[in-house]
Amino acid sequence: MAAENANPQREVRSFLMPRDPSIDRRFRPRPQKRERLFVTVNEENDYESGSDGESCESDGEYSLGAPESIDSSGSVESGALVYLRLRPVDVPSPAYSISEDGNVLVTRPPSESSSSSNNKNSMEKQYSFSGIFDETVSQRDVYERCIGQKIEIEESFTVLTYGTSGSGKTFTLLGDAYRPGVIPRSLENIFSQYQTNIYPNPALKLLNGRITVLDDEMASRENILRLKILNGCPELEGDYANMQNCIINDHKFVPLALDTSVSVLIWVTFVEIYNELVYDLLAPTNPNSSKTKNTTTRKNLKIVCNDGNVFIKGVTSVYVKSSEESLRLLRAGLQKLTYASTSINANSSRSHCIFFVDVLKYFRSGVISETSYKFCDLAGSERLDKTGNMGSRLKEAQRINTSLMVLGRCLDAANSISAGKGDRVPFRESKLTMLLQAALLGKEKLTMIVNVTPTDKYYEENLNVLSFAAIARNIIFKAPVIKQNQSRYSVIGEKPDNDYVQQLLEKIAWLRSDNELQNQQIEELMDKKTQLREEILRLSNQHADELAKQEHELRTELVEYFRKTLEENRKKHEMRLQSELESQKRIFESRIEFLKRKYEDELEELREEIEDLEKEAEKENMEPGNSKKRRTTD
Ligand SMILES: Nc1ncnc2c1ncn2[C@@H]1O[C@H](COP(=O)(O)OP(=O)(O)OP(=O)(O)O)[C@@H](O)[C@H]1O
């Protein structure tokens, strides 16, 4: 801090809200002009912690050294490669256009209403890139342009995807089964080129940033851990075959012409940085634990530096023998990653994640080399008002923006050093920049793929993203990029001398011979695993058949039971109806009988009455005084 105070203070810009380059000319990004970033030869000594492995997380900033200290002529200059990728959208905005040479993006404010209230964003701007991929450019071409050659020449690199939420960062790195992204293609490329030299045992490992020869016990522990973790990973099934077909159709990966004595050992590591804490995405989980990802307390890891090597203390690295194994680990890690839904992206990565692939090569001469590939998917840079974030989402977004801002400041500081304007890069202000410092210092190739959603809605945010990219594009590292770190090996704490190298050689030769046996054991275990899998499959098929048979029998029994019950009920019902009918019939018959008799009696009575009346009438007619009356009556 003292050194910083000694320098004239200059305004610290944020890439999130940068000063308009066209207004403030002091800080104007000059895409066409390359500046030099001088890196001192003894830069590692600038780290305060020594070989005791103390944490680097101390106050202060990392000094890159004065320019005059290494101005040796003839050194190779190399800079960050910054590509722009425009994601396909339904209605692309005319606010973005690509120059004729295909390397410059021209932006114009979309319209009066939607343009910035901010004056600085209301004019045309031009951003130059190492290459621009419009929405028609395929995953294959992105890989070929940005990565392919680096793997072929075994050059260590860090690739970053950067952009607003939902702009296609994850798609560019991972893709899907039919449009595999940069990572699956890189893995296929790496394993294709070393196929015959892959060493079958984890005899060498990067431990605490140093290549270490593992003794038998450690190697067998690594093997057990490897099998345990791989067994816990989901199978890729058809996805891998589809992905591999696409990749094989798209590229011709040629095996490297390596001597058969060269042994290649490949390790993968996968971490996420969430809310400024580093989590291990490959740490084995206890299968008996019923806790879910959300309730399990994840251990956060410490970033440490030892003799200038930055590493994550206690992180899980897994020895891999094929791209399929690596992809299974990647998929298992992705399942532990922190995603959430924002109003912009339903499946938005809320953390930065880094997938490391370390290739260790052992030569018969005793030289051991390391090539390191880092694939970093940055969480989306976002304006808090656009994403509609609240509560913990808001906190996450603030953390994401802070670490991206530090990344921007590191790039900016690195950029300024060449002009003699500064001498410190604030790596330690964020976990992300601590882990990426090799690339930010030019020790590894830095490739940035900037993803942009070319719509009016994102205009202002895209300008921030593009300004950030312009800063990265300006950096030129004068020190040559270290293609491979060679011979940094040790046996846990001891510095090897020549005798020791000889011992190592003998040990590795012995390991090679012993290897057959171990291979055989592993193969036997794998065979057993396959047999057990087949047995499980056979038993589960048999079980399913038996279940189906029992179900069929039960169904038939049930149908028969219902049929019988229905028949009995029908009969009972008919009988009851019949008896009811008969009793009704009897009632009606007796009633009819009764009425019949009643009416017959009445009829009889009436007849008798008539007879009586007739008799009476006759009697009256017979009487003499009644003759007239009788005539009248007649
Ligand atoms: N070039 C592309 N071609 C086809 N689809 C794409 C492309 N880029 C992005 N997409 C699609 O857009 C959606 C969002 O992309 P993605 O998840 O990669 O965004 P992101 O930048 O990683 O977002 P976040 O930062 O929020 O995680 C996905 O469904 C993805 O398939």
Side-chain angles (χ1 to χ4, degrees), residues 16 83-92 96 98 105 129 131-147 159-185 239 242-243 246 250 272-275 281 330-331 333-355 375-384 386-389 392-394 396-405 407 432 448-455 457-458 461-462 464-466 468-469:
L16 291 171
Y83 296 92
L84 176 70
R85 186 173 200 191
L86 302 171
R87 75 159 274 195
V89 287
D90 291 340
V91 189
Y96 312 86
I98 301 172
L105 183 81
F129 290 91
I132 299 182
F133 309 125
D134 66 16
E135 60 287 343
T136 60
V137 177
S138 66
Q139 297 278 68
R140 170 194 172 277
D141 294 338
V142 171
Y143 177 77
E144 290 285 347
R145 284 284 304 276
C146 303
I147 305 293
V159 57
L160 298 175
T161 50
Y162 175 76
T164 54
S165 200
S167 58
K169 299 180 291 295
T170 310
F171 180 80
T172 301
L173 281 185
L174 299 175
D176 53 38
Y178 296 95
R179 295 169 299 177
V182 162
I183 298 182
R185 285 171 201 268
D239 282 354
N242 293 334
M243 212 182 266
C246 291
D250 281 352
E272 80 166 327
I273 305 170
Y274 177 63
N275 279 350
L281 295 175
L330 178 69
R331 185 180 274 192
L334 287 171
Q335 288 174 353
K336 297 186 196 165
L337 207 60
T338 314
Y339 287 103
S341 173
T342 65
S343 59
I344 291 174
N345 188 357
N347 207 13
S348 175
S349 334
R350 309 307 300 156
S351 56
H352 309 300
C353 65
I354 311 178
F355 186 67
F375 302 88
C376 179
D377 186 3
L378 298 175
S381 68
E382 51 200 24
R383 283 262 292 276
L384 304 181
K386 278 236 167 84
T387 43
N389 287 331
S392 57
R393 288 290 87 77
L394 181 69
E396 279 168 6
Q398 286 165 342
R399 298 265 195 177
I400 292 168
N401 283 343
T402 307
S403 60
L404 291 177
M405 192 171 73
L407 177 61
L432 176 70
M448 189 182 289
I449 303 176
V450 178
N451 293 87
V452 158
T453 308
T455 57
K457 186 178 163 194
Y458 292 101
E461 280 172 280
N462 285 341
N464 293 331
V465 167
L466 292 165
F468 176 81

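One-based numbering, in listed order, for ligands and for the atoms of each. This one's a predicted model, so the numbers in the text were calculated from it and none came from an experiment.
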How close do [X] and [Y] get, counting heavy atoms only, and between which atoms?
X      : Y      : answer
Cys246 : Tyr178 : SG-O, 3.5 Å
Arg185 : Gln139 : NH2-CB, 3.6 Å
Arg85  : Val137 : NH2-O, 3.4 Å

Any N or O of [X] that comes nearer than 3.5 Å to an N or O of ligand 1?
X      : value
Phe171 : yes
Ala379 : no
Thr170 : yes
Pro88  : no

Q. Relative to ligand 1, is Thr164 under 4.0 angstrom through side chain, backbone, both or neither, heavy atoms considered?
A. backbone

Atoms of ligand 1 close to [X] [distance to a heavy atom under 4.0 angstrom, numbered from 1]:
X      : value
Ser165 : 23 (O), 24 (P), 25 (O), 26 (O)
Gly168 : 8 (N), 9 (C), 15 (O), 16 (P), 18 (O), 19 (O), 20 (P), 21 (O)
Arg179 : 4 (C)

Q | Pairing residues for Thr453 by the side chain to side chain donor-acceptor pair (under 3.5 Å) criterion, not counting sequence neighbours | A | none

Q) Are side-chain heavy atoms of Thr164 and Asn464 found at a separation under 4.5 Å? A) no

Q. Is the closest heavy-atom distance from Gln139 to ligand 1 below 4.0 Å?
A. no

Q) Does Glu135 come within less than 4.0 Å of ligand 1, judged by its heavy atoms? A) no

(Q) Would you compute the distance between atom CZ of Phe375 and atom CD1 of Ile147 and round it to the nearest 0.5 angstrom? (A) 6.0 Å

Q: For Arg331, check side chain to side chain contact (heavy atoms under 4.5 Å, CB included) against everything at least two apart and list the hits.
A: Pro234, Leu236, Asp239, Gln335

Q | Tyr143 vs Asp250, side-chain hydrogen bond (donor to acceptor under 3.5 Å, both in side chains): CA-CA, chis, key distance, verdict | A | CA-CA 10 Å; Tyr143 177 77; Asp250 281 352; over 6 Å; no

Q) For atom 23 (O) of ligand 1, which candidate among Ser167, Gly175, Gly163, Gly166 provides the closest heavy atom? A) Gly166

